[in-house]
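First listed ligand is number 1; within each ligand, the first listed atom is number 1. Computed from a predicted model, the values in this text were never measured in an experiment.
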Amino acid sequence: MRTKIVAGNWKLNYDKKTTNKFIESLKKSVDKLPLNNTRVIIAPTFVNLSSAVEKVEKSNIEVVAQNMHQATSGAFTGEISADMLKAVGVNTVILGHSERRTYFNETDQALAEKVNTILEKGMETIFCFGELLEDRKSDNHFEVVESQLKNALFHLEAKDWKSIILAYEPVWAIGTGETASPEQAQEMHAFIRSIIEKKYNKEVAEKVSILYGGSVKPANAEEIFSKPDVDGGLIGGAALKVDDFTAIIAAI
Ligand code: PGA
């Protein structure tokens with residue numbers, strides 16, 4: 001059985017005080033849920049990771065980072081390394097979010113390097129990818145997704161995939177209020193699994209958790225999560241309210 005995951009990507013939101021208050025409150029509501037096989041994850045900003053890790057102690061909530069530099073050290077002003085994250089108790093990193101690709105020019109090549117660093121350091125990644133609106137309109141979405149995965153992940157060996165969580169996030173659905181229909185999500189997730197099976201084998205394809213991201217909210221979470229190849233969600237806006245995030249976790 002694949003691990004289910006609900007992850008909240010906080011982006012550029014919440015200072016230390018709000019982060020800590022949020023975690024206190026989320027702990028209480030998550031405690032009441034039957035989590036079974038579900039991982040609950042939040043991704044606060046870098047400066048609040050350390051205190052957030054302390055705050056989630058003895059709870060079912062995990063703290064992950066929103067990004068990481070591929071180099072282990074050096075002249076990269078403003079960047080954060082894998083070891084720095086590990087030193088504050090963070091072992092999982094979101095990579096390749098469309099906002100990083102769009103606003104910070106992250107390329108597939110840079111992402112392949114980041115993924116390599118993740119593996120070298122014994123860490124795990126939630127790897128994001130997805131097509132633009134024009135790709136979908138021109139019926140190019142499968143090709144785009146396949147090339148994103150090929151360029152950044154298909155150099156890995158089968159054994160490396162235990163450290164990879166995928167997050168399919170059609171860019172046109174991120175923060176827009178527009179969601180891929182459950183059928184569109186399922187169709188893409190099944191396609192992703194099929195190309196992984198072709199490249200590797202059935203075991204790798206069946207084991208990897210594939211999250212859907214893009215305007216998931218309490219009202220649509222259950223239907224999206226009910227699809228057989230959707231193993232959870234990467235949540236932006238709706239992860240910023242404890243009640244909404246809890247309702248989404250409860251929907252899985
Ligand atoms: P959204 O963001 O839920 O606000 O659309 C999702 C994401 O960016 O991961």
Looking only at protein heavy atoms, what sits closest to atom 3 (O) of ligand 1 is Gly236 N, 2.8 Å

Within 4.0 Å of some non-hydrogen atom of His97, the atoms of ligand 1 are 7 (C), 8 (O), 9 (O)

Within 4.0 Å of some non-hydrogen atom of Gly175, the atoms of ligand 1 are 1 (P), 4 (O), 5 (O)

In ligand 1, the atoms that come under 4.0 Å of a heavy atom of Leu234 are 6 (C), 9 (O)

For atom 4 (O) of ligand 1, the closest protein heavy atom turns out to be Gly237 N, 2.8 Å

When Asn67, Ile41, Leu234 are each screened for side chain to side chain contact (heavy atoms under 4.5 Å, CB included) with Ile94, the one that passes is Leu234

Report the relative orientation of the aromatic rings in Tyr14 and Phe22; use parallel for angles under 30°, tilted for 30 to 60°, perpendicular for over 60°. tilted

Answer yes or no: is there a side-chain heavy-atom contact under 4.5 Å between Ser59 and Val30?
-> no

| said: Looking only at distances, can you tell me whether any N or O atom of Gly213, backbone or side chain, sits closer than 3.5 Å to an N or O atom of ligand 1? | reply: no

### Co-membership, hydrophobic cluster, residues Ile174 and Leu111, 4.5 Å side-chain
no

message: In the structure I gave you, are the side-chain heavy atoms of Leu35 and Ile249 within less than 4.5 Å of one another anywhere?
response: yes

Per-atom filter on ligand 1: closer than 4.0 angstrom to a heavy atom of Lys11 are 2 (O), 7 (C), 8 (O)

Review point. Is the closest side-chain heavy-atom distance between Leu166 and Ile196 below 4.5 Å?
Key: yes

Quick note on ligand 1: atoms under 4.0 Å from a heavy atom of Gly214 include exactly 5 (O)

Excluding Val171, membership of its hydrophobic cluster (Ile, Leu, Val, Met, Phe, Trp, Tyr; side-chain heavy atoms within less than 4.5 Å) reads Leu132

Q. Going by heavy atoms, is Ser215 under 4.0 Å from ligand 1?
A. yes

**Message:** I'd like to know whether CD of Glu206 has more than 12 heavy-atom contacts from other residues, nucleotides or ligands below 6.0 angstrom.
**Reply:** yes

task: Consider ligand 1: state whether an atom of it lies below 4.0 angstrom from any non-hydrogen atom of Lys217.
output: no

among protein heavy atoms, the one nearest atom 9 (O) of ligand 1 is Glu169 OE2, 2.6 Å

Honestly, for Ala167 the part within reach of ligand 1 (heavy atoms, under 4.0 Å) is neither

Backbone N or O of Asp229 within a donor-acceptor pair of the Arg193 side chain at under 3.5 Å?
yes

Under 4.0 Å from one or more heavy atoms of Ala173, ligand 1 contributes atoms 5 (O)

